[in-house]
Amino acid sequence: DMEVAIKVVVVGNGAVGKSSMIQRYCKGIFTKDYKKTIGVDFLERQIDVNDEEVRLMLWDTAGQEEFDAITKAYYRGAQACVLVFSTTDRESFQAIDSWREKVEAEVGDIPTVLVQNKIDLLEETFINSEEAEGLAKRLKLRFYRASVKEDLNVNEVFKYLAEKYLQR
Ligand code: GDP
Ligand code: MG
């Protein structure tokens with residue numbers, strides 16, 4: 001059996017929880033102020049999907065979301081994408097379209113999932129559930145509400161992406 005390895009990029013505005021999500025999924029931990037280890041480009045985790053071993057390599061940005069030249073290099077060769085916005089940050093929700101376009105421009109139409117993170121802070125939200133679902137529908141994406149902090153739906157996001165990738 002050939003081993004399947006998938007480069008996954010986690011994309012969205014600063015502070016939505018991208019680094020925390022990668023750390024949670026690959027190391028099983030959550031810390032309040034995660035700082036990316038210098039020199040580490042990605043973390044990985046191996047899972048079984050339909051009796052196949054899949055190695056997910058989750059690429060993180062070092063908080064340089066605003067710099068196009070850096071993000072372009074980061075997207076190169078990506079085979080799956082997580083688009084993340086935060087429950088407590090309306091701008092991060094409004095920016096999803098532009099993140100999707102950036103990724104598509106670089107790598108085309110790859111398996112992608114939309115995630116609303118920090119669902120544990122739902123009482124502080126400025127985004128109603130209909131508009132979040134509307135966005136997912138318009139972009140034709142599977143939508144998950146997640147809390148990296150509470151470890152809610154994080155595994156499901158990556159399992160879905162791996163399955164979607166294998167179905168190509
Ligand atoms: P990034 O800039 O997108 O990589 O975001 P970070 O992973 O650095 O997270 C930004 C802040 O949000 C940190 O203080 C995290 O601890 C916090 N955070 C991440 N995920 C969650 C979550 O699900 N719930 C809550 N309450 N805070 C979170
Ligand atoms: Mg980060």
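For clarity, every value in this text was computed on a predicted model and none was experimentally measured. Ligands are counted one by one from 1 in listed order, and the atoms in each one are counted from 1 as well. We use all heavy atoms of the structure for the numbers below, so side chains are in, but hydrogens, waters and symmetry mates are not. Counting begins at 1 with the first residue of the sequence.
At least one N/O/S atom of S19, whether from backbone or side chain, sits less than 2.8 Å from the Mg ion (ligand 2).
Remark: ligand 1 atoms within the under-4.0 Å shell around heavy atoms of G14 are 2 (O). Near D120, the atoms of ligand 1 lying under 4.0 angstrom from a non-hydrogen atom of the residue are 22 (C), 23 (O), 24 (N), 25 (C), 26 (N). Listed by number with element, the atoms of ligand 1 under 4.0 Å from a non-hydrogen atom of L121 are 26 (N).
Nearest to atom 17 (C) of ligand 1 by heavy-atom distance, out of K149, K18, M21, K118, is K118.
Looking at ligand 1, you'll find an N or O of S20 within less than 3.5 Å of one of its N or O atoms. Residue F30 places no N or O, backbone or side chain, under 3.5 Å from any N or O of ligand 1. Residue V16 has at least one nitrogen or oxygen atom sitting less than 3.5 Å from a nitrogen or oxygen atom of ligand 1, judged on distance alone. Below 3.5 Å of separation, one finds an N or O of V148 facing an N or O of ligand 1.
Side-chain atoms of E104 do not come within 3.5 Å of backbone N or O of D109 as any donor-acceptor pair. Judged by distance alone, the side chain of K149 and the main-chain N or O of S20 form no donor-acceptor pair under 3.5 Å. With K18 contributing its side chain and N13 its backbone, the two residues share a donor-acceptor pair below 3.5 Å. Not one N or O on the side chain of Y165 forms a donor-acceptor pair closer than 3.5 Å with the backbone of P111. Checked by atom type and distance alone, the side chain of T87 pairs as donor or acceptor with a backbone atom of N117 at under 3.5 Å.
Under a hydrophobic clustering in which Ile, Leu, Val, Met, Phe, Trp and Tyr are joined whenever their side-chain heavy atoms come within less than 4.5 Å, directly or via other members, V115 and F143 fall into the same cluster. No continuous path of hydrophobic side-chain contacts links V154 to I119 [ILVMFWY only; heavy atoms under 4.5 Å].
With a 4.0 Å cut-off on non-hydrogen atoms, T31 touches ligand 1 through its backbone and not its side chain. No part of V84 comes within 4.0 Å of ligand 1, judged by heavy-atom distances.
Ligand 1 has no atom lying under 4.0 Å from any heavy atom of V10.
With a 4.5 Å cut-off on side-chain heavy atoms, L58 and R45 do not count as touching.
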